[in-house]
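For reference, the structure discussed in these notes is given below.
Given the structure is predicted, the values throughout are model-derived calculations rather than measurements. Each chain gets a letter, A, B and so on, in the order its sequence line appears, and its residues count up from 1.
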There are 2 protein chains.
Amino acid sequence: MSCKNTIMRLSEYRRILCKLKALGFTRVFSDHLAGALDISPALVRKDFSDFGLTGNRKSGYTVDELIEKMNMILRKDKVEPVIVVGCGGIGRALMEYNAFAGEGIRIVAGFDSRPELHDLKGTIPVHDISRLEVYIKGHNIKTAILAVPESSAGDMADFLISRGVTGILNVAPIPLKGYDNCVIRNINFLHELENTIYFASMLDSKQK
Amino acid sequence: MSCKNTIMRLSEYRRILCKLKALGFTRVFSDHLAGALDISPALVRKDFSDFGLTGNRKSGYTVDELIEKMNMILRKDKVEPVIVVGCGGIGRALMEYNAFAGEGIRIVAGFDSRPELHDLKGTIPVHDISRLEVYIKGHNIKTAILAVPESSAGDMADFLISRGVTGILNVAPIPLKGYDNCVIRNINFLHELENTIYFASMLDSKQK
DNA sequence: TAAATATCGATAAATTAATATTCATAATTG
DNA sequence: CAATTATGAATATTAATTTATCGATATTTA
Ligand SMILES: NC(=O)c1ccc[n+]([C@@H]2O[C@H](COP(=O)([O-])OP(=O)(O)OC[C@H]3O[C@@H](n4cnc5c(N)ncnc54)[C@H](O)[C@@H]3O)[C@@H](O)[C@H]2O)c1
Ligand SMILES: NC(=O)c1ccc[n+]([C@@H]2O[C@H](COP(=O)([O-])OP(=O)(O)OC[C@H]3O[C@@H](n4cnc5c(N)ncnc54)[C@H](O)[C@@H]3O)[C@@H](O)[C@H]2O)c1
């Protein structure tokens, strides 16, 4: 039915729709959204139809309605509490990234093994890693960003899963596998860069 | 012939192969690599064959040979200089991320408009944004990480491209489009998180 | 040395994803 | 009010990616 990529695009549609709404637009056409995402209008319509997002012939889709329904699909009706495990360079950047807040995602706490990073008074407290288990249970945490060194990533993921976490965004450079009780999404900056460099060098050789 | 995803997997294969080599392995089978990446052995063999990476029936592939050839494909024969534009939270984390260094990627400089971030004495200097053009030309920079606020991202990308940059890794939450003279890869943490949360909630409803 | 076996390599099949086409219809226009 | 037009919805087509199949052949073993 709907492919994996559709969900990622739904996030992208939604972001653009919010901007259009802020600009005062009330209606939008598949062709416009397609242009913004660099895809075909047919794909926009197909994505929408897969999720029962309907429009009107001749007058397109209603911005408000799309946003509202997408919020439901993407579980934006409630704020999702997220923890950050590993508060070093990238973990800290993500904790301090305030764009999540306006988008229904709230980073509620960080956890680290290094005592000098602990800070229970800050806007977002950083606890000792030993408090992780109690915290997850006490706050019913389902989602975690994993930003520990590669050597700990696998064990930490297992721990999180065993304690009830069902979604992990992993930035450690090791491809962790999801299971039937947890989704894991891996982001590897090194590979993203390598990929960029590869395709850039392909451009070069093509243009010659 | 070879699909886009193949290149991304090549990076993943390579990373695993380097670890195997460090552990003393000299040979590897498609089945092993497939397990590590959670794909089928057939895909491993197909990926390899697309790039002329051959093995021996019965005795698999030679680790050294694979690494060497992958290094060629991924342009690892020389160190790629990369600049970071926007040295705030995430830009700084990426600059200080030392895992790039050992992988043929060297972050050579940062650029920011905020004077308090300028630092010409550090391991990786941070210049004023006004020096960007001269630096790119002087050092023949082809690759940039773009970590400025969304409002500047489009203009900054255009500027980089006009000055000869051919590969951009963009972390600002706006999908920038590549052109025929530059590859742009967008990473959007918010969307990655939304995606994770969505599929996690799907797991829940499936298991009930 | 012959038989058994594991694995690659090539190709075919299946699956997934994206695009094109066609048709129905709401809005617009004359 | 009929004709025109732009658009969504549904379906068909094409493309892309992944997986499965199967023959060939190194390696191992008896
Ligand atoms: N910094 C980046 O820009 C960047 C980019 C891509 C990937 N990464 C990856 O992200 C991860 C974190 O990178 P970083 O640069 O922030 O490293 P870092 O060393 O600055 O931070 C890692 C943090 O994890 C903590 N930690 C280690 N083991 C732990 C454990 N078992 N439990 C809890 N906390 C633990 C450490 O105390 C440290 O504060 C690494 O896997 C790295 O490879 C980082
Ligand atoms: N911090 C994160 O974890 C995170 C995560 C995902 C995405 N992002 C995105 O990455 C980008 C940077 O985020 P951040 O948290 O580091 O923000 P930040 O405000 O800390 O850093 C942005 C930096 O860019 C500089 N800057 C602004 N305009 C500039 C220009 N025209 N030329 C040069 N420098 C300029 C600012 O001085 C600042 O230092 C943003 O687009 C943000 O949405 C950040």
Query raised in the report: Given atom CG of B:L43 and atom P of C:dA14, what is their separation to the nearest angstrom?
Result: 18 Å

Report task. Determine whether A:I107 and A:I83 make a side-chain contact, defined as any pair of heavy atoms from C-beta on separated by less than 4.5 Å. Result -> no

Query raised in the report: Does OP1 or OP2 of C:dA18 have a side-chain N or O of A:R9 closer than 4.0 Å?
Result: yes

Query raised in the report: So, B:F48 versus B:F51, ring centres under 6.0 angstrom or not?
Result: no

Query - Integer-rounded Å distance: D:dG8 C1' and A:D50 CG - result: 14 Å

**Report entry** Nucleotide C:dT19, atom C1' - distance to CG of A:N5 in whole Å
**Finding:** 15 Å

Requested in this report: Would you kindly check whether a donor in the side chain of A:K58 faces an acceptor in the base of C:dT28, or vice versa, at under 3.5 angstrom?
Outcome: no

Report task. Using atom CD1 of A:I7 as one end and atom P of C:dA17 as the other, report the distance to the nearest whole Å. Result -> 11 Å

Report task. Classify the nucleic acid contact of A:K4 as base, sugar-phosphate or nothing, counting any heavy atom under 4.0 Å across all strands shown. Result -> sugar-phosphate

Query raised in the report: Checking all strands, does A:D31 fall into the base, sugar-phosphate, or nothing category for heavy-atom contacts under 4.0 angstrom?
Result: nothing

Report task. Can you tell me the distance, in whole Å, between the CD1 atom of A:I39 and the P atom of D:dA16? Result -> 16 Å

Requested in this report: Classify the ring geometry between B:Y135 and B:H139 as parallel (under 30°), tilted (30 to 60°) or perpendicular (over 60°).
Outcome: parallel

Requested in this report: Would you indicate what A:R27 reaches in the nucleic acid, counting non-hydrogen atoms under 4.0 angstrom: base, sugar-phosphate, or nothing?
Outcome: nothing

Requested in this report: Starting at atom NE2 of A:H32, determine the distance to atom C1' of D:dT7, rounded to an integer number of angstrom.
Outcome: 11 Å

Report summary line: A:F48 CZ to D:dA9 C1', in whole Å, measures 13 Å

Query raised in the report: OP1, OP2 of D:dA26 versus side-chain N and O of B:S59: anything below 4.0 Å?
Result: no

Requested in this report: Scan A:Y61 against the nucleic acid and name what it touches under 4.0 Å (heavy atoms): base, sugar-phosphate only, or nothing.
Outcome: sugar-phosphate

Requested in this report: Pick base, sugar-phosphate or nothing for B:T54, based on heavy-atom distances below 4.0 Å to the nucleic acid.
Outcome: sugar-phosphate

Query raised in the report: Taking the nucleotide of DNA chain C with the closest heavy atom to each, which residue, A:S40 or A:R57, is nearer the 5' end?
Result: A:S40

Report summary line: Of the listed C:dA18, C:dA12, D:dT17, the closest approach to the A:C3 side chain comes from C:dA18

Query raised in the report: With ring centroids as reference points, do A:F189 and B:Y97 lie under 6.0 angstrom apart?
Result: no

Query raised in the report: Can you tell me how far P of D:dA10 sits from NZ of A:K46, to the nearest Å?
Result: 12 Å

Query raised in the report: Is the shortest side-chain N/O distance from B:R45 to OP1 or OP2 of C:dG9 below 4.0 Å?
Result: no

Report task. Assign A:T6 to base, sugar-phosphate, or nothing according to its heavy-atom contacts below 4.0 angstrom with the strands shown. Result -> nothing

Query - B:L53 vs A:N56, nearer the 5' end of DNA chain C by closest nucleotide - result: B:L53

Query raised in the report: Would you call B:E103-B:R14 a salt bridge at under 4.0 Å N-O?
Result: yes

**Report entry** Heavy-atom side-chain proximity of B:H191 to A:M8 below 4.5 angstrom
**Finding:** yes

